[in-house]
Amino acid sequence: MVLVKPWAHGQVVPDGWAERHRPIVAGFFCDTAVVRRKTGRTDSGDGLGTQVDTWTNLTPGGGVRALMQVKHSQRAGERDSAGNPIVVANYYCRLAVEWLPEVGDRIVITASPDPANLGTYVVRERESQGHVVDRTLHCERVSADTD
């Protein structure tokens, strides 16, 4: 038996495929996201010399279309001080390809049909792929607060 590689006799994915599919994929983006990057630290004004991070919005106006979704969720087997089970969850955030947040940037979901998506997430990893139709980020929730 001879195994023939599909790319040996021609291109599997036609030229322009990704460009044609980007608007279709973007049609699934139902959240609004603001991308923020840490730009330094400043005094908190509490009189104790406490420093807080300063963040700059990289996205224009009210943000850009995105899709935030749970990638993986599992119970950690532990409980918090109130007796509630601790759940560890990781998230995918999908944006248009022109956005390339760095690891450590924040993704703030400011509007969503699912109120559980609202909040702040930190970028832990970003995917790279040849036939890119969207920018996929691996995120971790920082807080349910969008400020």
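One is the number of the first residue; the rest follow in order along the sequence.
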Any [X] side-chain heavy atom under 4.5 Å of [Y] side chain:
| X | Y | result |
| --- | --- | --- |
| Y121 | V108 | no |
| V34 | R36 | yes |
| W17 | V133 | yes |
| V64 | W99 | yes |
| P101 | I107 | yes |
| P113 | D31 | yes |
| D53 | T39 | no |
| L67 | C93 | no |

Just verifying a value: how many Å separate [X] [atom1] and [Y] [atom2], rounded to the nearest 0.5 Å?
| X | Y | atom1 | atom2 | value |
| --- | --- | --- | --- | --- |
| H138 | R124 | NE2 | CZ | 13.0 Å |
| R65 | D134 | CZ | CG | 12.0 Å |
| T120 | R141 | OG1 | CZ | 8.5 Å |

Does the pair R41 and V52 meet the rule for a side-chain contact (heavy atoms from CB on, under 4.5 Å), with working shown?
-> CA-CA 5 Å; R41 294 182 60 80; V52 294; 5.9 Å; no

Indicate the atoms forming the closest heavy-atom contact of I109 with A33, along with that distance.
->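 Result for this residue pair: CD1-CB, 3.8 Å.
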
Specify the closest pair of heavy atoms between L48 and D46, including all atoms of both residues, with the distance to one decimal.
-> N-OD1, 2.8 Å

When you look at V97 and R22, which way does the side-chain contact (heavy atoms from CB on, under 4.5 Å) test go after all the steps?
-> CA-CA 8 Å; V97 295; R22 285 179 187 146; 3.7 Å; yes

Summary of salt bridge (charged side-chain N to carboxylate O under 4.0 Å, His left out) pairs that have at least one residue in residues 106-121, sequence neighbours excluded | none

With a 3.5 Å distance limit and no angle check, can you tell me whether [X] reaches the backbone of [Y] through a side-chain donor-acceptor pair?
| X | Y | answer |
| --- | --- | --- |
| N117 | M68 | yes |
| R94 | A26 | no |
| S44 | T50 | yes |
| T54 | G40 | yes |
| R135 | L95 | no |
| S112 | L118 | no |

Would K71 count as a cation-pi partner of Y91, with NZ or CZ less than 6.0 Å from the six-membered ring centre and within 45° of the ring normal?
-> no

Sequence neighbours left out, what passes salt bridge (Lys or Arg N to Asp or Glu O under 4.0 Å) with E102? Give chain and number order.
->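 Here the qualifying residues are R37.
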
Determine whether L137 and L58 fall in the same hydrophobic cluster, where Ile, Leu, Val, Met, Phe, Trp and Tyr are linked whenever their side-chain heavy atoms lie under 4.5 Å apart.
->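 Linked within one cluster.
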
